[in-house]
Amino acid sequence: QFLNGTPLYAAYLRMLGVKIAPDVQLGAVTIGAEDLVTIDSDVSISSQTVIDNAFIEDGLLKLRAVHLGAHAYVGSSAVIAGNTVMEPWSELQDLSFLPAGSRVQPGEVWQGSPAVLKETKEISGLPQPLPVTKTTRIKYSLIFSLFLLVFPFTVLLPLLPTIIILNRMDNAAPDYNFGYMVITPALALSYIILFTGQTVLLTRLLQWGIKPGTYPVYSVFYVRKWFADQLMSLSLIVIHPIFATVYISSLFRALGAKIGRNTEVSTASSVTHPLLEIGDGAFIADAVTLGEADVRGQRFILQKTVIHNTS
C-alpha cells in the first residue's frame, strides 16, 4: 500500500503483467486479471478502485480485457467491469460502476451504478497535463524509494523503550520466573502513546502551511503530503484498536482538524487534517475516504472538506 501515489506503483503493476504507461497516477487499485489490463499515458486512478475483469459465472472462470485510454480519469471507489473501454479524456466519477460492454467516448463523463452518461466536455477546455521528463520520474522514484525505508523505523522507534525494559527485567529475574510480564499491558499502552505522539509530530511538520490549491505531482510539496498520508495509513494498522473510540476526535484535533463536540470518527482515510472541518454531532463511518486529493494531468488538487452539524 505504500507504493500508492508514486511512480513505483506503475513499475510494480508492469511486473505483474499490466500494460501501463510510466506516467500513470495510481491510488489503491485492485485488479482481477493483470495481463488483460491496458492503461495508457496520464491516466489517473483514485483510491479504492476495482478493475473487476475476472469473475465466476455458470461454473466458469471468465477473464475480460479492460482498456483505459490516455488522460482518462477514474474516481474513488469506482468499479470497472471487464470488456470495457474508456477512450482518451473520458471520466468515470466516484462510486460509479461501469458495466461490461461499455465504451466511454472521448470527453464523456459517466456517473452512477450502473454508470450512465452525465455530460460531455470539450476536450480543448480540459487542463493539459504538465510535461514530466524521464529524468524527473527517475529522480522522484529514488526519493520515494528512500522514504519507503523510513517506515519500519517509525514503527520500531517507539518500541525501543519497551524492548529495553523487558530485556533488563528478564536479565534481572530468576530463571523461569516471568512475573515481570504483568507490566506488559502498561508497556503496550506506552507504545501506543509514543507512536501516536510521533505520528502527530511528524504529520504536523509535513503538513505545515498546507493550503487549498493545485500543485505539481512531481514536487517536494507532493512528497511531503504523500509521506503524511502514508503515516496515517500506517497508524490505521498499528493503533487500529483506538479508532472508532472517543480518543479519535482528540487525535484528529491534534493533527490539525477542527472537530465539533460529540462527533464520532471511525477508520477514515486520505484525510488532510488541516483542511478538515467537522461539526457537532457528526458521524464518520468505517472505511470512509475523507477529503482525498484529486489528481489530474500530473497535478493534485487540495480542497477543504466541511461536514456540518449532525451529518
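Just one of Asp52, Val66, Val104, Val79 meets the side chain to side chain contact (heavy atoms under 4.5 Å, CB included) condition when paired with Leu98; it is Val104. With Thr162 as reference, Leu187 is the one residue of Thr184, Asn167, Leu187 to meet the side chain to side chain contact (heavy atoms under 4.5 Å, CB included) rule. Checked options Thr38, Asn83, Thr84, Asp40; the residue passing with His67 is Asp40 (criterion: side-chain hydrogen bond (donor to acceptor under 3.5 Å, both in side chains)). Of the residues Lys225, Gln303, Gln207, Lys304, the one that meets the side-chain hydrogen bond (donor to acceptor under 3.5 Å, both in side chains) test with Thr272 is Lys225.
Listed for the Trp110 side chain is no donor-acceptor partner under 3.5 Å among the backbone atoms of Arg103. A distance-only check finds a donor-acceptor pair linking the side chain of Lys19 to the backbone of Asp35 [under 3.5 Å]. Checking side-chain atoms of Ser249 against main-chain N and O of Thr263 turns up a donor-acceptor pair under 3.5 Å. Side-chain N or O atoms of Arg253 include one that pairs as donor or acceptor with a backbone N or O of Ile259 at under 3.5 Å. Using a distance-only test at 3.5 Å, with no hydrogens or angles considered, no donor-acceptor pair links the side chain of Asn53 to the main chain of Ala65. Arg224 places a side-chain N or O within 3.5 Å of a backbone atom of Trp208 that can act as its donor or acceptor partner. A donor-acceptor contact shorter than 3.5 Å is absent between the side chain of Arg64 and the backbone of Gly101.
A distance below 6.0 Å separates the ring centres of Phe151 and Phe227.
The two residues Ala78 and Leu92 have their closest heavy-atom pair at CB-CD2, 3.9 Å. In terms of heavy-atom proximity, Gly75 sits nearest to Thr49 at O-OG1, 3.4 Å. The heavy-atom pair separating Ser41 from Asp23 by the smallest distance is OG-OD2, 2.7 Å. Taking every heavy atom of both residues into account, Leu275 and Ile210 meet most closely at CD2-O, 4.2 Å. Heavy-atom minimum distance, Met232 versus Thr203: SD-OG1, 4.4 Å. For Ser266 against Ala244, the heavy-atom pair with the smallest separation is OG-CB, 3.5 Å.
Taking the six-membered ring where the residue is Trp, Trp89 and His71 present parallel rings, their angle staying beneath 30° rather than reaching 60°. Under the 30°/60° scheme for interplanar angles, the aromatic rings of Tyr218 and Tyr140 are found to stand perpendicular. Under the 30°/60° scheme for interplanar angles, the aromatic rings of Tyr222 and Phe300 are found to stand perpendicular.
When side chains are defined from C-beta on, Phe2 does not count as touching Leu8, because their heavy atoms never get closer than 4.5 Å. For the pair Gln93 and Val109, the minimum side-chain heavy-atom distance is below 4.5 Å. Between Tyr73 and Asp42, the closest side-chain pair of non-hydrogen atoms is not below 4.5 Å. Ile80 places a side-chain heavy atom less than 4.5 Å from the side chain of Met86. Proximity of Val132 to Val217: side-chain heavy atoms (C-beta onward) are nowhere separated by under 4.5 Å. Gln48 places none of its side-chain heavy atoms less than 4.5 Å from the side chain of Ser76. In this structure the side chain of Ile31 never reaches within 4.5 angstrom of the side chain of Leu16, judged on heavy atoms. For the pair Ile45 and Leu68, the minimum side-chain heavy-atom distance is below 4.5 Å.
In this structure, CD1 on Ile164 lies 10.0 Å from CG on Leu159, to the nearest 0.5 angstrom. Atom CD1 of residue Ile138 and atom NZ of residue Lys134 lie 5.5 Å apart, to the nearest 0.5 angstrom. With rounding to the nearest 0.5 angstrom, the OG1 atom of Thr214 is 10.0 Å from the CG atom of Leu130. Atom CZ of Phe144 is separated from atom CZ of Phe147 by 8.5 Å, given to the nearest 0.5 angstrom. Interatomic distance, CG of Asp280 versus CD1 of Ile307, reported as 13.0 Å (0.5 Å rounding). Note that CD of Glu91 and NZ of Lys118 are 8.0 Å apart. Values are rounded to the nearest 0.5 Å.
Residue Lys121 places its NZ atom among more than 12 non-hydrogen atoms of other residues, nucleotides or ligands, all under 6.0 Å distant. Environment of OH in Tyr247: sparse, with no more than 12 heavy atoms of neighbouring residues, nucleotides or ligands closer than 6.0 Å. Counting non-hydrogen atoms of other residues, nucleotides and ligands closer than 6.0 Å to CZ of Arg168 gives a total of 12 or fewer. Heavy atoms of other residues, nucleotides or ligands lying less than 6.0 angstrom from CD of Glu119 number more than 12.
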Derivation and outcome, side chain to side chain contact (heavy atoms under 4.5 Å, CB included), residues Glu34 and Ile51: CA-CA 9 Å; Glu34 287 85 356; Ile51 298 179; over 6 Å; no

Stepwise side chain to side chain contact (heavy atoms under 4.5 Å, CB included) check, Val37 with Ile20: CA-CA 8 Å; Val37 175; Ile20 186 170; over 6 Å; no

Chi angles and distances behind the side chain to side chain contact (heavy atoms under 4.5 Å, CB included) call for Leu231, Leu206: CA-CA 10 Å; Leu231 283 176; Leu206 290 166; 3.9 Å; yes

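Under the 3.5 Å distance criterion, with hydrogens and angles disregarded, a donor-acceptor pair is assigned to the side chains of Glu292 and Ser47.
Leu201 and Phe195 fall into different hydrophobic clusters, where Ile, Leu, Val, Met, Phe, Trp and Tyr residues are linked whenever their side-chain heavy atoms come under 4.5 Å apart, directly or through other members. Under a hydrophobic clustering in which Ile, Leu, Val, Met, Phe, Trp and Tyr are joined whenever their side-chain heavy atoms come within less than 4.5 Å, directly or via other members, Val29 and Phe97 fall into different clusters. Leu255 and Val271 fall within a single hydrophobic cluster, where Ile, Leu, Val, Met, Phe, Trp and Tyr side chains are chained together by heavy-atom contacts under 4.5 Å. Residues Val74 and Leu117 share a hydrophobic cluster, clusters being chains of Ile/Leu/Val/Met/Phe/Trp/Tyr side chains in contact below 4.5 Å. Transitive grouping of hydrophobic side chains (ILVMFWY, heavy atoms separated by less than 4.5 Å) keeps Ile193 and Phe243 in distinct clusters.
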